[in-house]
Engineer: 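Below is a structure I'd like to ask you about.
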Amino acid sequence: VQLQAFGGGSVQAGGSLRLSCVASGHTDSVNTMAWFRQPPGKQREIVAHIHKSGSNIYYGDFVKGRFTISRDSAKDTVYLQMNSLTPEDTAIYYCAAAEGIFKKPLSYKYWGQGTLVTVSS
């Protein structure tokens, strides 16, 4: 399975960005897609995950209703709509895929290349 992420960029605090991740290859082997992020100097953390059925949606505590994960199974694409961004959201954002439903990065077998999100104050 190959994952390709799009949509990162620079935005001012309070702004919005939408990330997309397109999966290709043997996508039947994965059921959960997720977004992780790695802020500068910090560990990678989960932002959100979603099951292929659209259920089992989970958000990291820091999301606080600002982000929405969604999935278009017909297009093998997962989206992350991010609103009310703050400088603390600055990070490289990665999409990932796994057979099961997990929150830890080590449990995800497939990873995209990462896309940088920079939020300025």
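Fair warning: this is a prediction, and the values are worked out from it, not measured in the lab.
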Engineer: For I101, which fellow cluster members are found when Ile, Leu, Val, Met, Phe, Trp and Tyr are connected by side-chain heavy-atom distances below 4.5 angstrom, either directly or through intermediates?
Structural biologist: none

Engineer: Do L80 and L17 come close enough that some side-chain heavy atom pair is under 4.5 Å?
Structural biologist: no

Engineer: How long is the straight-line distance from OG1 of T32 back to CD1 of I50, given to the nearest 0.5 Å?
Structural biologist: 9.5 Å

Engineer: Does atom CD of Q12 have more than 12 heavy-atom neighbours, drawn from other residues, nucleotides or ligands, at distances under 6.0 Å?
Structural biologist: no

Engineer: Quick check: does any side chain N or O of S55 sit under 3.5 Å from a backbone N or O of S53, one acting as donor and the other as acceptor?
Structural biologist: no

Engineer: Is V63 linked to Y93 within one hydrophobic cluster, defined over Ile, Leu, Val, Met, Phe, Trp and Tyr using a side-chain heavy-atom separation of less than 4.5 Å?
Structural biologist: yes

Engineer: Would Y94 and L116 show up in the same hydrophobic cluster when neighbours are defined by side-chain heavy atoms closer than 4.5 Å?
Structural biologist: yes

Engineer: Linking I/L/V/M/F/W/Y whenever their side-chain heavy atoms sit closer than 4.5 Å, directly or via other members, would I46 and V30 fall into one cluster?
Structural biologist: no

Engineer: Tell me, yes or no, whether the heavy-atom count around Q81 atom CD, taken from other residues, nucleotides or ligands under 6.0 Å, exceeds 12.
Structural biologist: yes

Engineer: Any side-chain heavy atom of L19 sitting closer than 4.5 Å to one from F6?
Structural biologist: no

Engineer: Set out, in order, the CA-CA distance, both residues' side-chain angles and the distance that settles side chain to side chain contact (heavy atoms under 4.5 Å, CB included) for V47 and M82, then state yes or no.
Structural biologist: CA-CA 10 Å; V47 179; M82 303 187 293; 5.9 Å; no

Engineer: Out of curiosity, S16 OG to L85 CG, how far, rounded to the nearest 0.5 Å?
Structural biologist: 6.0 Å

Engineer: Do the side chains of E45 and Q38 get nearer than 4.5 Å, heavy atoms only?
Structural biologist: no

Engineer: Carefully, step by step, assess F36 and Y108 under the rule ring-ring contact (aromatic ring centres under 6.0 Å, His included).
Structural biologist: CA-CA 10 Å; F36 286 82; Y108 282 78; 5.1 Å; yes

Engineer: Under 4.5 Å between any side-chain heavy atoms of N31 and E99, yes or no?
Structural biologist: yes

Engineer: Salt bridge (charged side-chain N to carboxylate O under 4.0 Å, His left out) with D89: which residues, sequence neighbours excluded?
Structural biologist: R37, R66

Engineer: Can you name the residues that form a side-chain hydrogen bond (donor to acceptor under 3.5 Å, both in side chains) with D72, not counting sequence neighbours?
Structural biologist: none

Engineer: Can you list every ring pair (Phe, Tyr, Trp, His ring centres under 6.0 Å) pair that touches residues 50-89, not counting sequence neighbours?
Structural biologist: H49-Y58

Engineer: So which pairs with a foot in residues 20-31 pass salt bridge (Lys or Arg N to Asp or Glu O under 4.0 Å), sequence neighbours left out?
Structural biologist: none

Engineer: Which ring pair (Phe, Tyr, Trp, His ring centres under 6.0 Å) pairs, counting each pair once, include a residue from residues 13-33, with sequence neighbours left out?
Structural biologist: none

